[in-house]
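Step one of this worksheet: look at the structure below.
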Amino acid sequence: MELSPRYNPTEVEEKWYQRWKEAGYFQPSMDGTRPTFCIVMPPPNVTGVLHLGHALNSTWQDILVRFHRMRQDNTLWLPGTDHAGIHTQMKVDELLRNRGQDRLSMGRQAFVQEVWQWKEQYGGHILAQMAKLGASVDWSRLRFTLDEGLSRAVTEVFVRLYEEGLLYRGNYITNWCVSCHTALSDIEVEHEEETGQLTEIAYELTSGVGEIVVATTRPETMLGDTAVAVHPDDPRYQGLVGQWVELPLLGRRIPIIADAYVDPTFGTGAVKVTPAHDPNDFEMGQRHHLDAIKVIGEDGRMTADAGVYAGLTREEARVRVLQDLQAAGRVRGMREIIHAVGHCEKCDTVIEPLLSLQWFVKMRPLAEPAIEAVRSNAVQFAPARFEKIYMNWLENIHDWCISRQIWWGHRIPAYYCDAGHVTVAREPVSQCAQCGRAVVQDEDVLDTWFSSALWPFSTLGWPDMTDDLKTFYPTSVLSTGYDIIFFWVARMIMQGIHFTGKAPFATVLLHGLVRDAEGRKMSKSLGNGVDPLEVIDRYGADALRIALVLGSAPGNDYRWSWERFEAGSHFANKVYNALRFVLMNRDDHKWDPGEINAARSHPVDQWIDERLNDTIVVMTRALEEFEFGQAARAIYDFFWDDYCDWYIEMAKVRLKSAERHEALETLTRVADRALKLLHPFMPFVTEELYHALRPDGGSIMVAPWPEPESGVVRRDAVIAVEQAQSLIRAGRNLRAEVGLAPGQAGSFVALADTPEVLARWQAVHTEAMALLRAQSLQLCLKEDAAPMTKAIASVVVGGTVYLKLEGLVDLKRERDRLEKAKADAEKERNRLASRLHDENFIRRAPHEVVTKTEENLKEVEARIRRLDERQALLQ
RNA sequence: GGGCGGAUAGCUCAGCGGUAGAGCACCUGCCUUACAAGCAGGGGGUCACAGGUUCGAACCCUGUUUCGCCCA
C-alpha cells in the first residue's frame, strides 16, 4: 500500500464532501421506525463571512448530527440564511455609493431588486464555507428568511397576532438610530459606560420667589421639556408641586409635578421631563397628561419646535444651548459623571430616544408560556445556568418594536386609508376593509428577528401541516451562542409555543464566544480574528474541528491560537499514520468485517478491547450530554496513548510471529471502531481511512455507531497489561537513569513477589522485552533468584525490575535513588495508614473506597519492603 | 444597583467529592522503517484568599480579592 508518510488534508477533504452529498447521506432516512433527530441551523446573515464562532457552532451541530445519523436515527440538519435587513441594506447602500448611485433616487422597487441580485451573487458564500467545514446539512431543504414560504409564515403570524390583539401601532418612544434611519428594539441598543457632563440648570419659578435646579447630561433636550418632576415625599419640594416654572431660553411655562419615579437621592432630586426624548419621561408624561414636544428629528437635527436652534445637529445644539444657558446665568453646576449611553448595535451611533409611530408586539401574554416551558423543563438549557438569564429577561419583558424604516425585509401587511382605518390582510388589498376607500401599504418592513423567531417551524413548512413539520417538529436541539438568548432563543420559544402549541426544541445548547489569544472579542477593527478558511487551508477542516472541541466546555469562551490548530493537525496525522501502519501490514490479510466478535485470547488484545469498550461508553454518554470536549478527549487519549503508544507497539511483536493473523485482526477491528468513534469529530480523515480499511464497506457516515460489548470479563488481561506497563515504564526509567542509548540493548531481570504476578508478566513477556528494547528479560520468582548486585533496581507493582550493569554500580547514586523512592513510598504509606486508622473513615466512606485504600496500603508496604531489601543488599 | 462566569503547571485550558491532568513551552536522549506533525525519559502546581460542611474538598456552602460579561 502506497501512502505518503504525511497526511495531506487538502487532497482528502476535497473529494469526500461532494461524494457524501451526491450519495444523499445528508438527507434524513425518513425511517419511521427510528427516533428522529433534527437541528435547524441558526441562519447566518446572507451578507456574512464565516468566522470562528460559526465554525465552533457548526462543528458542534455536525458532531451531534453525525452521531445521531450513525445511530441510525432519522436525522435532519436544516441549513439556511437570514436576510439581515439593516445589515444587508447597509452593504448594498455602500455598493451603490461606490457606483455613484443612491437608494433614494433609484426608488424602492429598483433597490430591492438590486439587493436580490446582490444576494444571488454573494449570499451563498457563507454556506459554501460551511461545506468546507464538513457540515452535513441537507441542501435539498435549504431555506432563506425571505423565501416565499417563509414570507407567507411571517404574514400569517402578523395577521394572527393582530387579530388576537397582540399587535398595536402607536406613537411611543423608540430607540432611533439617526444614521441607520430606523427604529430599533431595546435589545439592539448597546449600552456603554461613558464620561459625560452633568449640568445643573436653574428653572425660575413663575411666582418669582425662587428657582428649582434640575440636572441633565443632555442639556439640548431641555428645549422639549414640558414639566419638572420631584418625588412626592421629598420634603425639599413639598410646597412647590403644582407651581410653575419658566423654561429658560424658550420662556415656556411648565408645571412642577410629583412622581414616584424620581429618585430623590440623585442630583438635586428634581428632574426635567422631556416626554418626546426619554422613555421614562414619556411614561411620566402619560401619567400626567403632558405634551410631548419633539425637538430632535429623525435626521438627528433640531426641529422647528427647537426655536432658534432648529436645523442644528443634536451635538451642535448641545454646545449652543449650554453657552446660552451660561450667558443667561442659569447654570448652577457642572461635573463629570459616568453613565450608560445607548449605541446602535449596527453602526455604533448614539441612539436617540424618539417619539415615533411604530408597530409593537405585546410580549407579556407570549412570555408567560415561554417561562413555563423552561420552568417545567419542556425546554432545557445546556449549561443550565443560562436559564436564569432567560427567565430574568422574560420576567421583565417590554413590548417589542417590530417596524423598521428600511426597504429590505418583509413589508408590513398593514394598509391605511385616508380615514385613518387600518386593514391588516394576508393578501395585498387595495381597499379599506372598513370604508372601502383606497389604501396604501405600510412603508416599513419587519424586524429581521420577527422572521427568525419563526425559523424552527417556518422552515419545515408551517403554516402548512407538511410531512416535514409532522416528522421533525419540535426539533431536538438548538445550538447557538449565549449572546443571542434574547434576540432569538426566547422569541423562538414564544412564537413556537403560540403558533404550534409546542416549544420549538427540547434543548438549547449554548457555546461561548470565540476570543483571540489575549482574550479579546474578535472584531474587524482590531483585525484579531482569523478566517476559518485559512485554518482549513493550512491544517485541514478536521484539525480545525478537533481543535475547537478539545479542551473546551459548553458555555465557556474559547481562545483561539495557531498552536491549538496545529495540535489538531498533529492528531490528524497521528490517526493517519496509525492506519497507514495497519494498512501496510495488512497487504496479506484480508479482513472480513463479519469477524468482529471472533474469539481472542491474547491479553494485549483483550486489554485494548476493554479500553475501547470504556471509550465507547464514555463517548456515548458525553455526546448525549453535549460534553463534546470530554468525548473528544476520550477518543484522543484512546487513540494516541492506548492504541498507538501501547497497543501497536506491543502488536509489532506478534506481527513477526505465527500469531500475525490474530494481531492484525485486532489491529484492524479496533481501528475500525475507533475511526467510527472519531468520525463525528473528524469526518474527512476518518472517511478516507475507513475506505482504505474496508474498500467495500460503504461510507463511515452511515456506519453504525459502536456499541459496547457487554458481559465480557477481561479483568485478568487488563491487570496483566497494566502491570506490564508498570514494569516497562520502570525499566525505561532505569535505562534513562544510566544513560543507556536506545540503540543499546539492555539486560533486564524482573523478580515477582508472587506466582500470580509472575504469570501475568510471562503472558506479555515478549511484548515487554520489545518495548524495553531488552536483549534479555528474565522473569522469575523472587525466592528463586540470587541477589542482584551488579544492577540497578526499581520497584513496581508486584515486584522489582533490575537493569544489569556491565561495570560497577555507582553505589552512592543508587543508594540516593533508592532513598528518594523510599521517602516517597513512606509518605504515601503514612497518608494511607492514617486514613485507615480513622474510625470515621472506615465507618462512613463507601466500602469500595476503604477496600481500595487497604489494597493500596498493602501495595505500598510491599514496595517499601522491597526497597529495604535492596538497600540492605547495597550496604 | 442586580445577576452570571473565570481565577488550576511558564502559556492556553480540561477536570468539579475519593492520591492533581492535557496541549504547547522547557530539560535529557533518540531519524527505534506508521508517524521528527514522531518516540522514550524528566522538571514544574500550598488548584486566588479566608472560613465552613464532610471520614475526605480544586470540586459543595459563606465571605473576600480580582478580571470579564449580561441586565437595569
Side-chain angles (χ1 to χ4, degrees), chain A residues 1 3-7 186-187 190-191 263 280 340 383 385-389 391-393 395-396 398 482-483 485-486 512-513 515-521 539-540 543 546-547 549-553 555-585 627 629-630 632-633 636-637 640-641 644-645 648-649 652 667 728-737 739-745 770-773 827-828 831-832 834-846 848-850 852-853 856-857 860:
Chain A
M1 171 130 324
L3 284 169
S4 145
R6 279 188 178 191
Y7 175 54
D186 293 346
I187 53 179
E190 288 189 345
H191 295 274
D263 175 6
N280 295 311
R385 67 182 134 93
F386 289 104
E387 271 184 32
K388 262 193 193 169
I389 295 172
M391 288 294 196
N392 195 266
W393 188 71
E395 281 161 5
N396 299 293
H398 299 293
Y482 62 69
D483 50 335
I485 292 176
F486 310 142
L513 269 32
R515 299 172 180 279
D516 71 0
E518 276 78 50
R520 299 172 303 188
K521 268 192 198 178
Y539 298 114
I546 195 78
V549 166
L550 269 175
S552 70
N556 288 5
D557 290 352
Y558 177 93
R559 295 193 191 194
W560 75 268
S561 65
W562 288 110
E563 286 74 23
R564 293 182 94 148
F565 300 138
E566 196 183 350
S569 76
H570 289 181
F571 182 53
N573 187 57
K574 188 72 182 177
V575 172
Y576 168 83
N577 268 294
L579 267 292
R580 188 163 79 102
F581 175 80
V582 175
L583 293 165
M584 281 165 57
N585 274 286
E627 292 284 357
Q630 285 176 20
R633 173 62 53 196
Y636 183 96
D637 287 345
W640 204 312
D641 297 346
C644 292
D645 289 349
I648 288 182
E649 292 309 318
K652 282 177 180 172
L667 271 171
I728 290 161
R729 284 199 190 96
R732 282 170 171 171
N733 192 305
L734 291 175
R735 293 186 64 114
E737 194 66 41
L740 192 64
Q744 299 171 267
L771 268 62
L772 279 171
R773 303 185 159 274
K827 213 167 121 190
E828 176 74 0
R831 209 179 55 84
L832 294 172
S834 71
R835 273 223 261 174
L836 288 166
H837 279 132
D838 184 345
E839 269 182 48
N840 276 322
F841 175 71
I842 305 285
R843 207 170 56 236
R844 303 190 129 124
E848 312 87 72
V849 176
V850 177
K852 183 117 187 285
T853 309
N856 288 348
L857 180 63
V860 77

Do any N or O atoms from the side chain of [X] and from the backbone of [Y] form a donor-acceptor pair under 3.5 angstrom?
X	Y	answer
A:Asn396	A:Asn392	yes
A:Asn577	A:Asn573	yes
A:Arg580	A:Tyr7	no
A:Arg835	A:Phe841	no

Can you find a side chain N or O atom of [X] that sits less than 4.0 Å from OP1 or OP2 on [N]?
X	N	answer
A:Arg559	B:U12	yes
A:Asn556	B:A14	yes
A:Lys827	B:U19	no
A:His191	B:C71	no
A:Gln630	B:G15	yes
A:Lys388	B:G3	no
A:Arg580	B:A34	no
A:Arg6	B:A37	yes

For [N] and [M], measure between their [atom1] atoms and round to the nearest Å.
N	M	atom1	answer
B:G23	B:C4	C1'	29 Å
B:G42	B:C55	P	38 Å
B:G15	B:G3	C1'	26 Å
B:A48	B:A9	P	9 Å
B:C47	B:A58	C1'	4 Å
B:G41	B:G51	C1'	43 Å
B:C59	B:A14	C1'	13 Å
B:U19	B:C24	C1'	27 Å

From [options], pick the nucleotide closest to the side chain of [X]?
X	options	result
A:Pro846	B:G18, B:G15, B:G5	B:G18
A:Phe841	B:C71, B:G18, B:A22	B:G18
A:Glu563	B:G5, B:A14, B:C24	B:C24
A:His570	B:A37, B:G18, B:G15	B:A37

To the nearest Å, how far apart are [X] [atom1] and [N] [atom2]?
X	N	atom1	atom2	result
A:Ile842	B:G18	CD1	P	19 Å
A:Asp557	B:C70	CG	P	11 Å
A:Ile485	B:G3	CD1	P	18 Å
A:Arg831	B:U46	CZ	P	18 Å
A:Asn392	B:C69	CG	C1'	14 Å
A:Leu772	B:U32	CG	C1'	13 Å
A:Asn577	B:C39	CG	P	10 Å
A:Arg773	B:G29	CZ	C1'	12 Å

May I ask you to say what [X] touches in the nucleic acid, namely base, sugar-phosphate or nothing, with a heavy-atom cut-off under 4.0 Å?
X	value
A:Phe486	sugar-phosphate
A:Glu828	base
A:Asp483	nothing
A:Arg564	sugar-phosphate
A:Asn573	base
A:Arg735	nothing
A:Asp645	sugar-phosphate
A:Ala578	base
A:Trp640	sugar-phosphate
A:Tyr636	sugar-phosphate

Are any non-hydrogen side-chain atoms of A:Asp557 and A:Tyr482 less than 4.5 angstrom apart?
->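 Yes; the side chains approach each other to less than 4.5 Å.
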Can you check whether A:Asn585 reaches A:Leu667 side chain to side chain, under 4.5 Å on heavy atoms?
-> no
Taking for each residue the nucleotide of RNA chain B with the nearest heavy atom, is it A:Glu190 or A:Val849 whose nucleotide lies nearer the 5' end?
->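 It is A:Val849 whose nearest nucleotide is closer to the 5' end.
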Nearest-nucleotide comparison on RNA chain B, the residue closer to the 5′ end among A:Asn733 and A:Leu579 =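 On the 5' side of the pair lies A:Leu579.
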With a 3.5 Å limit on both atom pairs, tell me what [N] is paired to, counting Watson-Crick and G-U wobble, or say none.
N	answer
B:G43	none
B:G1	B:C71
B:G23	B:C11

Other residues, nucleotides, ligands: >12 heavy atoms within 6.0 Å of A:Glu839 CD = no
Mind telling me whether A:Tyr636 and A:Trp640 have parallel, tilted or perpendicular rings, with 30° and 60° as the class edges?
-> tilted
Go through A:Ile485 and A:Trp393 one step at a time and tell me if the side chain to side chain contact (heavy atoms under 4.5 Å, CB included) criterion holds.
-> CA-CA 9 Å; A:Ile485 292 176; A:Trp393 188 71; over 6 Å; no
Quick one: the side chain of [X] and the base of [N], do they pair up donor-acceptor inside 3.5 Å?
X	N	answer
A:Lys574	B:C35	yes
A:Arg732	B:A40	no
A:Glu649	B:A40	no

